[in-house]
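On a predicted model such as this, the values are computed, not experimentally measured, just so you know.
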Amino acid sequence: MIDFISTFKIAVLSLKTNKMRSCLTSLGIIIGVAAVIVMLAIGSGASSKVTKDMESMGSNLLTIRSSSSNQAGVRQSVGSKPSLTLNDANAISRYVRGIVAVAPVSSENKQLVYGNQNWSSVIYGTTSSYLDIKSYEILLGRNFIPEEIKNSTKVVIIGSTVATELFGDVNPVDKQIRIQGVPFKIIGVLKAKGSTGPMDNDDLAFIPITTAQKKVFGTAFPGTVNMIVVKCDNPDTMNDTENDITELLKIRHNIGSNRLIDFEIRNSAEFQEKLKSTVQTFAILLGSIASVSLLVGGIGIMNIMLVSVTERTREIGIRMAIGARSSDIRKQFLIEALLLAVIGGIAGVVVGVSVTNIASKLTSLTTEITLFSVLLSLGFSAFVGVVFGFYPAYRASLLNPIDALRYE
């Protein structure tokens, strides 16, 4: 233990003697560690944002849409062939197991007018279940009640963006707006959810699905809807639920083995897993690129230590002549390399955290510094110090004392 302490003191003294060289040697590690922390923070932040966005969109969802139509040889977009109905949604709710909620949905862009203010927004005709499925919360007022859906009542729930654009700071509940020239009473305002990419989740309004069909949208196919959204109770059984819905709708739509299915089902769980996997791959890629900087820093430590061995050959010979063993010389140079890496690692953590915080404040980047990234960076820098410091230390320990003393 005493030998180790003595060797440690000698290593520290050697680094102090060459302060500028020690600082420049650690610079590579500082840059590498800082780069790793910043890159991992960006990757973790992106992953957290994606998770948050997916939660705001709702989880365990199956979205059923009408299939695309074919007109004069031109294939239209998904949902252009009206094949889903309110009765389909009711049947799914009644006969399919593993379901928490079902909501039929039709939507169109419409102009909303209040006094001399107007705003274009997406109007969703749906039921009260849709707000729960999509994780919307009521900030002011209330949700739809069954009688309003049944009686096609002219009531509306608006998002926070619509409320701000039409009413400013005034409470809009119980106020009246016009949609497509039809007066609607505002019964609720939604709590803000923010944006998902370019999409503003608060720039919308909800009206009863029956009201939308009869008094706002108009359709050549009464009772049809654009889509049906289903929330499942268990992500592990979503595939079974999807198969059950498929079989039920095939029976209801009289689709035999030789007919094309006139609907399609999208599984949000599959999409979310692919998205998470993509983000994780992106984070790993960023971390791997940053790790190259640490390897470069390690090579810098090895080069400087090799130069140090050459410069201090006579010193090594004197130490060995007065009783120092090869293991003592090896330990000294290993300790020097490790100290350079650890000091550089600690400084790199400070720089990385500072750069990350500045970047998150000055840009729209979502960053998240984790304890794992800090420990990983420090651990990797120490590992680099040991690995790249071993060869110079080993080379120094092999010097012959007599040859070392003669070295000029």
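Annotation: the span from Thr85 atom OG1 to Ile228 atom CD1 amounts to 6.5 Å, rounded to 0.5 Å.
Donor-acceptor pairing under 3.5 Å is recorded for the side chains of Thr161 and Asp200.
When side chains are defined from C-beta on, Ile123 counts as touching Ile207, because their heavy atoms get closer than 4.5 Å. A 4.5 Å side-chain heavy-atom check between Val225 and Leu86 finds at least one atom pair inside the cut-off. Annotation: side chain of Val189 is in contact with side chain of Val173 (closest heavy-atom distance under 4.5 Å). Between Ile64 and Leu249, some side-chain heavy-atom pair lies under the 4.5 Å cut-off. Counting heavy atoms from C-beta on, the side chains of Ile209 and Val105 never come closer than 4.5 Å. For the pair Val162 and Phe167, the minimum side-chain heavy-atom distance is 4.5 Å or more.
Side-chain atoms of Ser160 never come within 3.5 Å of backbone atoms of Leu190 as a donor-acceptor pair (strictly under, hydrogens ignored). Using modelled atom types, one side-chain atom of Thr211 and one backbone atom of Thr153 make a donor-acceptor pair closer than 3.5 Å.
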Checking salt bridge (Lys or Arg N to Asp or Glu O under 4.0 Å) for the pair Arg266/Glu242: CA distance, chi angles, key distance, verdict? CA-CA 9 Å; Arg266 295 180 180 177; Glu242 182 179 343; over 6 Å; no
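No cation-pi contact links Lys191 to Tyr136, judged by a cut-off of 6.0 Å to the six-membered ring centre and 45° from its axis.
Note: Tyr124 and Phe206 have tilted aromatic rings, judged against thresholds of 30 and 60 degrees for the angle between ring planes.
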